[in-house]
Amino acid sequence: MKRKIKGFHLDEENDWVAELECHHGQHVRHQPPFINRPWVISKSGRNSKLDHELNCLKCDLGEPKDDW
């Protein structure tokens, strides 16, 4: 299910997590050459992705909201 990004935070391992409108989190890592998301490195890059939609597998599975 497509859900909009409403914010970001760092997890306990300093990886960025997108906070989705459904209150689920999804990691958005930049680990080239396998995962290429250079926008996640800078605040302006992350801000440019606010309201961008990601597929939320947790919603598809009916999982409870994440507790950030």
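Just the heavy atoms: all of them, side chains too, but no hydrogens, waters or symmetry mates, feed the values below. These numbers were taken from a predicted model, which means no experiment stands behind them.
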Excluding sequence neighbours, so at least two apart, what forms side chain to side chain contact (heavy atoms under 4.5 Å, CB included) with Asp67? none
For the student: nearest non-hydrogen atoms of Met1 and Asn55, plus distance: N-OD1, 2.7 Å
d(His23 NE2, Asp66 CG) to nearest 0.5 Å is 10.5 Å
Do Leu50 and Val40 belong to the same hydrophobic cluster, where Ile, Leu, Val, Met, Phe, Trp and Tyr are linked whenever their side-chain heavy atoms lie under 4.5 Å apart, directly or via other members? yes
Which salt bridge (charged side-chain N to carboxylate O under 4.0 Å, His left out) pairs, counting each pair once, include a residue from residues 21-32, with sequence neighbours left out? Asp15-Arg29
How would you list all residue pairs meeting salt bridge (charged side-chain N to carboxylate O under 4.0 Å, His left out) that involve residues 34-56, not counting sequence neighbours? Lys6-Asp51
Can you name the side chain to side chain contact (heavy atoms under 4.5 Å, CB included) partners of Leu54, sequence neighbours left out? Ile5, Ala18, Leu20, Gln26, Val28, His52
Separation of Gln31 CD from Asn36 CG (nearest 0.5 Å): 11.5 Å
Any residue meeting salt bridge (Lys or Arg N to Asp or Glu O under 4.0 Å) with Asp11, in chain and number order, not counting sequence neighbours: none
Quick one: does Leu10's side chain get under 4.5 Å of Trp16's, heavy atoms only? yes
Minimum heavy-atom separation for Cys22 to Lys65, with atom names? O-CG, 3.8 Å
Which residues pass the side chain to side chain contact (heavy atoms under 4.5 Å, CB included) test with Pro33, not counting sequence neighbours? none
Looking at CZ of Arg3 and NE2 of His24, how far apart are the two atoms once the value is rounded to the nearest 0.5 Å? 8.5 Å
